[in-house]
Amino acid sequence: MAERTLPPGLDEAGFDRAINALRQTLGEGKVFATELDRNTYIDPYALGDGLDHAASAAVAPESVEEVQAIVRVANEHRLPLWPVARGKNLGYGAAAPVLAGSAVLDMTRMNKILDVDERFAYATLEPGVGFYQFHEHLTNNDIPLWMSVPANGWGSVIGNALERGIGYTPYGDHTSKLCGLEVVTPTGELVRTGMGAMEGNKSWAHYPYSFGPSWDQMFAQSNLGVVTKANMWMMPEPEMTAHTQVNLPEMEDIEWAMDILADLRLRGVIEHNVVFGNYLHDASAFTTRADWYDGEGPIPDEVAEKIQETYNVGWWTFHLSLFGDGSIVEAKQKIVSDAFEPRLGKKLEWRHWRKGQPREPFSIAVGVPMVLPLNVVNWMGGRGGHIGFSPVLPPSGELAYDAFLRRKRRFEEAGLDYYSSFTVGHRHIANVNMILYNRDDADMVRRTKELFTQMIADAREEGYGEYRTHIEYMDPVAETYDFNNHALMRLNETVKDALDPNGIIAPGRGGVWPARLRDGRKG
Amino acid sequence: MTVRAFVPFLACAVLALAACGDKETSEPVAEPEEMSVLAETASTAETQAEPNNTSGDAHGAELTKVSSQAAAAEQAKGVFKRAAQGDAEAVYLANCQYCHIQLGPGTITLSRRLGPEEALLANRTDLTEGYVKTVVRNGLNTMPALTRVEVSDEELELIAAYLTRNNNSGEE
């Protein structure tokens, strides 16, 4: 299917020498360079055939020493590597590299759960450990610690945290729960951040900053190293939880409800990321668009109402959870009810769980992994995909309503269904505008691309930038961070060139290119 | 513009699948009569479903809960631990349970394409080893391809053998 795409600066002979050197270093079973191998690394949700981000090969280490060896060989042969944890960054490019011809450094086989400390509530994991594997380990060993899991639980615990992914328990800001990394640098050196920088230090997983400069976030969404293990803080099992669903019938309701919600988040009454989503969420998880409507253009209002009736959701719906000791949960429940019920005109219905009972509601709300939300890719029919445009907003109802109207209008202009979440963090909103498309419909792919590009420009004009993006859009999104004539990019490039003089690790990730590839990046 | 009766049917059908899955957790191979019950349940659900069903049966949150429980029930049996020891069923589950479990995306998609009785991959009797390997390495529709790093060729042999274990003839 895919012709072999070579990385810039390497001809066939040079590339083959690099692959052979990797085979000699690692052994045959850890280097994957057949046509079939290359095809399996193509982004399954690509906007088009995905060949513009095709990998040339993959290499799968099983130890830290092998990671170091791979990086050294890559330096010697100028072979760009694209590190992935488990390669399940679906909607952002999955395992595919920004730079076509890069070899995927696939960490899937480094999947050891190195330590779980019940008393101090942390785990030390390799990047190949997946959420399901970790959940099995915790539950089968009766470890009273809860994970926080994202909507797609297929991926890596550490990989998700390094992407600044989120979950829906009070520990849902995953990147902030990392406490000490072990990293192979672009030249093959091994470093530990935080207190782990001291040999034998007993506080590596307890205090994140160490002495002097702290570098952990330098390795998040970055191309400055390969993380080989990390400590992750975990939530002690609470004594009790309470859960409720809030349906808002009108699209205008976002303005007042967001202000209440933001205040409850800011004051710590609600401690988890709240997905404030429109009516399409459940319908797209369980059905396809054709089940509801077979016309052109966005879904009409009548159909939207039908969907809301069927799934008992509002135009907007969100779920709230409270965690902790019983008296705290009960007190918070009263605060939340008092805040919302006067505007809703009805009582909130709460469900409760107490320690010792089967976990309820048994979903990502309480740290149980699943991948059900991936089903949204079937919404448009054909080989589906999704891509999210996710600018960060202040937690303001007025600004959220304004952003909603602007984004919805753009979706309608593109003839695509508006699917959105205003995910409410502690002090911000990540406004995920999810475009669902059919990869086999060239016109729909074109409209999706145009819509995404338009939203980048619109948001920049409004003073917003994305928190994370698809490999296709890393350059234009990085371009929007333009203070002082792109001073941050100059800093990033300076650091990149200092740490990665041969430009080996993930060229183009985050819009940061090494010197030797910088000139051609726009092309 | 037509809102099709399929919608409440699908919701009930997938709930029926979930019920079937409860049986599967203790008895991996569904007996023919169980499948008949499943089909009948789904069929009954179709005829009895009210167009404006908001009783909660079709509620997304409830369906979501079932989806999580199904996978967790498998994990409780030590899927990843057994897979590391070469147990074919566990190798299948460790790599495929994400989607091919009760109410997983793969099951919902197969229910739509082939009907609820064919939706649970582990219960199929018509798959060939060659077909399983082709789909795993190439993907199918919205199913992503799986790499040889994630599922080795040896593991794929075990998965293919597991998914064809109930075939009458077994040959490709």
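Residue numbering restarts at 1 for every chain, and letters A, B, ... go by the order of the sequence lines. It should be emphasised that the depicted structure is a prediction, and the values quoted were computed from it without experimental measurement.
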Item to complete: Have a look at B:V149 and tell me which of A:T108, A:V59, A:V84 forms a side-chain contact (heavy atoms from CB on, under 4.5 Å) with it.
Response: A:T108
Worksheet, complete the sentence: Answer key: most heavy-atom pairs under 4.5 Å with chain B among A:T139, A:D106, A:N375, A:N111 is A:N375
Donor-acceptor contacts, no H, no angles, side chain residues 91-99 of chain B, under 3.5 Å, sequence neighbours left out:
{"from": "B:N95", "atom 1": "ND2", "to": "B:V91", "atom 2": "O", "distance (Å)": "2.9"}
{"from": "B:Y98", "atom 1": "OH", "to": "A:R86", "atom 2": "NH2", "distance (Å)": "3.4"}
{"from": "B:Y98", "atom 1": "OH", "to": "B:A94", "atom 2": "O", "distance (Å)": "3.4"}

Worksheet item: In this structure, are over 12 heavy atoms from other groups packed under 6.0 Å from A:Q357 atom CD?
Response: yes
Discussion item. When you compare the side chain of A:L374 with that of B:T142, does any pair of heavy atoms fall below 4.5 Å?
Written reply: no
Worksheet item: Who among A:N152, A:D440, A:V377 has the most heavy-atom pairs with chain B under 4.5 Å?
Response: A:V377
Response to the item:
Rounded to the nearest 0.5 Å, the CE atom of A:M370 sits from the CG atom of B:L103 at a distance of 10.5 Å
Worksheet item: How about B:T147 and A:F32: do any of their side-chain heavy atoms sit closer than 4.5 Å?
Response: no
Worksheet item: Under the ring-ring contact (aromatic ring centres under 6.0 Å, His included) test, which residues partner A:Y45, sequence neighbours left out?
Response: A:H386
Worksheet item: Where does A:K88 contact chain B at under 4.5 Å (heavy atoms): side chain, backbone, both or neither?
Response: side chain
Fill in: Flag side-chain contact, heavy atom, 4.5 Å: A:D37 against B:R148
yes
Discussion item. Quick one: does any side-chain atom of A:E136 pair with a main-chain N or O of B:V79 as donor and acceptor, under 3.5 Å?
Written reply: yes
Practice prompt. Measure the shortest side-chain to side-chain distance between B:P105 and A:W154 over non-hydrogen atoms and say whether it is less than 4.5 angstrom.
Written response: no
Worksheet item: Is it the side chain or the backbone of B:L146 that comes within 4.5 Å of chain A heavy atoms, both, or neither?
Response: both
Practice prompt. Check whether any side-chain heavy atom of A:D291 sits under 4.5 Å from a side-chain heavy atom of B:R112, and report yes or no.
Written response: yes
Worksheet item: Taking atom CG of A:L36 and atom CG of B:N138, what is their separation to the nearest 0.5 Å?
Response: 6.0 Å
